Amino acid sequence: QLIEHMFNVVVEKRDKDRVNGGKLLAHLLRSETIQRKEFLNGVETVLEFAEDLLIDIPQFFNYFGVMIATCIVDKVLDINFIKDSSSILKASNLDGRYVSAILTSMTSLDQSVTLELWKKSNLNLGDFNLEASESLAFLSKPLVNGHAPEDAFVSCLDSVLGKQDLNSVFEFMLK
């Protein structure tokens with residue numbers, strides 16, 4: 001009930017509040033106040049109503065995904081939790097949206113930790129019902145010194161700097 005209540009409290013709040021909700025859940029998991037199995041049951045309880053929640057809250061997976069992603073990026077849950085918790089959504093064919101929302105949230109929280117956890121998990125994007133997602137493409141690239149290659153970033157930065165236009169530099173930084 002705690003997971004369901006926590007989500008209900010932060011769903012209408014800002015993204016920062018959802019991250020903080022995830023940090024609270026991570027703390028409870030880390031201190032073993034909540035066991036992984038109990039947490040999984042709570043997440044599944046919320047996900048049972050995913051189809052109905054999506055009607056009222058179209059961003060449901062993104063909002064809920066931030067909370068789960070925070071626990072995984074904090075290394076309190078392993079990344080295989082995504083696979084375990086998504087199984088309840090396979091019948092309704094919503095598992096891909098859920099997984100994508102969590103991985104995308106993890107990427108925005110900390111891309112290098114996400115990449116590290118992904119590589120250690122031996123999972124691949126084919127394990128999930130995902131549509132092609134550019135935001136998750138970095139997961140399939142090889143690591144260089146523990147990080148994703150930054151060739152694309154460097155080449156984009158070089159081309160922006162080559163224009164010698166201050167507005168282009170600011171636009172690049174915003175992206």
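Predicted, not measured: the structure shown is a model, and the values here were computed from it.
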Colleague: With no hydrogens and no angle check, is any side-chain donor or acceptor of S86 less than 3.5 Å from a backbone partner on D95?
Modeller: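 No; zero donor-acceptor contacts below 3.5 Å.
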Colleague: To the nearest 0.5 angstrom, please state how far the CD atom of Q35 sits from the CG atom of L28.
Modeller: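 Nearest 0.5 Å value for the CD-CG distance: 11.5 Å.
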Colleague: CG of D78 to SG of C71: how many Å apart, nearest 0.5 Å?
Modeller: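 Those atoms lie 12.0 Å apart.
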Colleague: Considering only heavy atoms from C-beta outward, does the side chain of I3 approach that of T45 to under 4.5 Å?
Modeller: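 Contact flag for I3/T45 side chains = no.
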Colleague: How close do R97 and L54 get, heavy atom to heavy atom, and via which atoms?
Modeller: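 That would be NH2-CD2, 3.6 Å.
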Colleague: Could you tell me whether R36 and D84 make a salt bridge, using a distance below 4.0 angstrom between a side-chain N and a carboxylate O?
Modeller: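 Looking at R36 and D84, the cut-off is met.
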Colleague: Between CG of L94 and CD of E51, what distance do you get to the nearest 0.5 Å?
Modeller: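 L94 atom CG to E51 atom CD measures 5.5 Å (nearest 0.5 Å).
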Colleague: If I take atom CG from residue D74 and atom CG from residue L29, how far apart are they, to the nearest 0.5 angstrom?
Modeller: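 It is 10.5 Å, given to the nearest 0.5 Å.
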Colleague: Go through the steps for E38 and L2 under the test side-chain contact (heavy atoms from CB on, under 4.5 Å), then give the verdict.
Modeller: CA-CA 10 Å; E38 293 170 343; L2 176 67; over 6 Å; no
Colleague: Compare all side-chain heavy atoms of L117 with those of M106 and state whether any distance is below 4.5 angstrom.
Modeller: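 L117 vs M106: side chains touch.
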Colleague: Which atom pairs, donor and acceptor, lie under 3.5 Å between side-chain atoms of residues 56-70 and protein residues at least two apart or in another chain?
Modeller:
{"unit_1": "Q59", "atom_1": "OE1", "unit_2": "N62", "atom_2": "ND2", "d": "2.3"}
{"unit_1": "T70", "atom_1": "OG1", "unit_2": "V66", "atom_2": "O", "d": "2.7"}

Colleague: Identify the heavy atoms of I79 and L103 that sit nearest to each other, and give their distance.
Modeller: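 Here I79 and L103 meet closest at CD1-CD2, 4.3 Å.
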Colleague: Do I102 and F81 have side chains that approach each other closer than 4.5 Å (heavy atoms only, starting at C-beta)?
Modeller: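 No, their side chains stay 4.5 Å or more apart.
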Colleague: Using residues 13-20 as the side-chain source, report each donor-acceptor pair under 3.5 Å to any protein atom, sequence neighbours left out, with the distance given to one decimal.
Modeller:
{"unit_1": "D17", "atom_1": "OD2", "unit_2": "R14", "atom_2": "N", "d": "3.2"}
{"unit_1": "R18", "atom_1": "NH1", "unit_2": "V10", "atom_2": "O", "d": "3.4"}
{"unit_1": "R18", "atom_1": "NH1", "unit_2": "V11", "atom_2": "O", "d": "3.2"}
{"unit_1": "R18", "atom_1": "NH1", "unit_2": "K13", "atom_2": "O", "d": "2.7"}
{"unit_1": "N20", "atom_1": "ND2", "unit_2": "K16", "atom_2": "O", "d": "3.4"}

Colleague: How long is the straight-line distance from CG of D110 back to OG of S105, given to the nearest 0.5 Å?
Modeller: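 Reported to 0.5 Å precision, the distance equals 13.0 Å.
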Colleague: Using the side-chain contact (heavy atoms from CB on, under 4.5 Å) rule, take S85 and Y98 through it: C-alpha gap first, then chi angles, then the decisive distance, then the call.
Modeller: CA-CA 9 Å; S85 61; Y98 169 71; 2.7 Å; yes
Colleague: How long is the gap from NE2 on H5 to CG on N8, to the nearest 0.5 Å?
Modeller: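 Going from NE2 on H5 over to CG on N8, the span is 7.5 Å.
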